[in-house]
Number of protein chains: 2
Amino acid sequence: MVTHGEAGRARRLDPDIRREEILRCAVRLFGERPYAEVSTAEIAEAAGVTRGLIHHYFGTKRGIYLDVVRAMVLVPNLDEASGPADSVRERVEQSVGWFLDTVALHGGTYVAVTGPEGIAGDPEVERILAVADDIAARKILRAVGYGWDSTEHSPERAVLRAYCQLVKGTVREWLRSRSVTREQAYLLLTEALVAIVEDVLPAVSRYASPAGRELPRGH
Amino acid sequence: MVTHGEAGRARRLDPDIRREEILRCAVRLFGERPYAEVSTAEIAEAAGVTRGLIHHYFGTKRGIYLDVVRAMVLVPNLDEASGPADSVRERVEQSVGWFLDTVALHGGTYVAVTGPEGIAGDPEVERILAVADDIAARKILRAVGYGWDSTEHSPERAVLRAYCQLVKGTVREWLRSRSVTREQAYLLLTEALVAIVEDVLPAVSRYASPAGRELPRGH
DNA sequence: ACCCGCTATTGACACAGTGTCAACAGCCGG
DNA sequence: CCGGCTGTTGACACTGTGTCAATAGCGGGT
């Protein structure tokens, strides 16, 4: 069952290489099975090293999982998608199409990590996912023409972060349950985003910032 | 730190009562902290019993957590919301408004359980959440007039399940981050659902079932 | 080519938390 | 008052994580 046939002592490698190799195995395992059911011993065996080395490089099991999540969630880069497009709808369609193609590459692990089944139940994991959503939200805002200065706490960004949840849910229905086709997923995400951009964002921007109302004085 | 001042042996109670009491404590603890950081010993202490009793009633830690998730996720009952409404938009607005009010009651724990931070990484947990989403999806479909026979695998239901993710994400932005107001959340969920009902569902229904296309011959 | 130091890698240890189970003891009927 | 039923306990075994001094592979100096 050992991926690497190496039975004896592991070759002495450059730390970066070794770390990379271990991470690759961890990504695969955490994609196949939920967090609790993957032991550090298993990761070590898959990587052809001993358990001690895992902790040497990543500290704790949570530590290596955080790196796995980071690796999965920071891969997509929406910037590449922005081609020449005039209407909001065209830009939306380009972004959504590009995202679906990208996420299809990493398939299972992306779904497992972003969904509820892979998570360790750690605030740090939540933070990483939240940061990734916020980055995505900012990029989407820029892609659809709402590129002005929006703070992280602005309702515009918040709306787009919520939209990211719709995206994840849709990808799950597409890749895991296979209850919608890629075309149907594309349709759903496109129409929803168009509705958000055209109907929700303008109205939301007219409201005062909720933080500004509930916490009037700085502090 | 013991919630119940009872130091000595716990009173002999009716199993249903005891079970209920333990579950109440577990709901609170799992709402405050992520799964991994809550030990069975802690739940036992909070409930004023010993750890052995927890396992006696719920089998495993996972077992009690599953019951917590079930309790949280099956509370909302969308049927009550359907009042006299003519247009699709009115029905959508009623449903969304009712849901937001309901979920506000359970606040923290609902968000913790449905989001990625409370989960244990168990397929069973995923299944419970999926079932809850599917129930909600079916109810929404019925509420907005798509009440005909839709199988669990139908793209219509899948689209609504994905919408449930948007709902959760929005509730999180509202209750946890406080980056949107209830009105903004209401607006987002309403517009998105209207777009789904009016634009996405009709188009999705025209497509052939994805399972039918990708798995032409049964198995 | 040899040795030597650096450090990647190991194996054994300690510990926390879960799950099991026979024994105990509170409540109820006779 | 006593005997059983069963809710409840405490001790045990086990799995898996995290720590650390000891080991051994590789490169550089001579």
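Chain A is the first sequence line, chain B the second, and so forth, proteins listed ahead of strands; every chain is numbered from 1. Below, all heavy atoms of this structure are taken into account, side chains as well, without hydrogens, waters or symmetry copies.
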Let me have a per-nucleotide readout for nucleotides 10-21 of chain C, 5' to 3', with B, S or -, counting only protein heavy atoms under 4.0 Å.
-> BB------BBB-
Shorter than 3.5 Å, N or O on both sides, protein versus nucleotides 4-7 of chain C: list them out with atom names.
from  : atom 1 : to    : atom 2 : distance (Å)
C:dT7 : O4'    : A:R12 : NH2    : 3.3
C:dT7 : O2     : A:R12 : NH1    : 3.0
C:dT7 : O2     : A:R12 : NH2    : 2.7

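Salt bridge annotation for A:R138-A:E152: absent, with no cationic side-chain nitrogen under 4.0 angstrom from a carboxylate oxygen. Remark: B:E20 does not engage B:R24 in a salt bridge, criterion side-chain N to carboxylate O under 4.0 Å. Between A:R70 and A:D67 a salt bridge is recorded (basic side-chain N to carboxylate O distance below 4.0 Å).
Rounded to whole Å, atom C1' of C:dA25 lies 14 Å from atom CZ of B:R11. One interatomic measurement links the two molecules: CD1 of A:I17 to C1' of C:dT9, which rounds to 16 Å at whole-angstrom precision. Per the geometry, CG belonging to B:D14 stands 13 Å off P belonging to C:dC27, to the nearest Å.
Going from atom CZ of A:R172 over to atom CZ of A:R178 covers 13.5 Å, rounded to the nearest 0.5 Å.
Below 30°, between 30° and 60°, or above 60°: for A:F30 and A:Y35 the angle between ring planes is below 30°, a parallel geometry.
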Carefully, step by step, assess A:R161 and A:D133 under the rule salt bridge (charged side-chain N to carboxylate O under 4.0 Å, His left out).
-> CA-CA 5 Å; A:R161 282 196 299 269; A:D133 283 345; over 6 Å; no
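The two residues B:A158 and A:S179 have their closest heavy-atom pair at CB-OG, 3.3 Å.
Between its opening and closing five pairs, the helix from C:dA1-D:dT30 to C:dG30-D:dC1 changes axis direction by 10°, a value rounded to 10 degrees.
One N or O on the side chain of A:Y163 and one on the backbone of A:L189 form a donor-acceptor pair closer than 3.5 Å.
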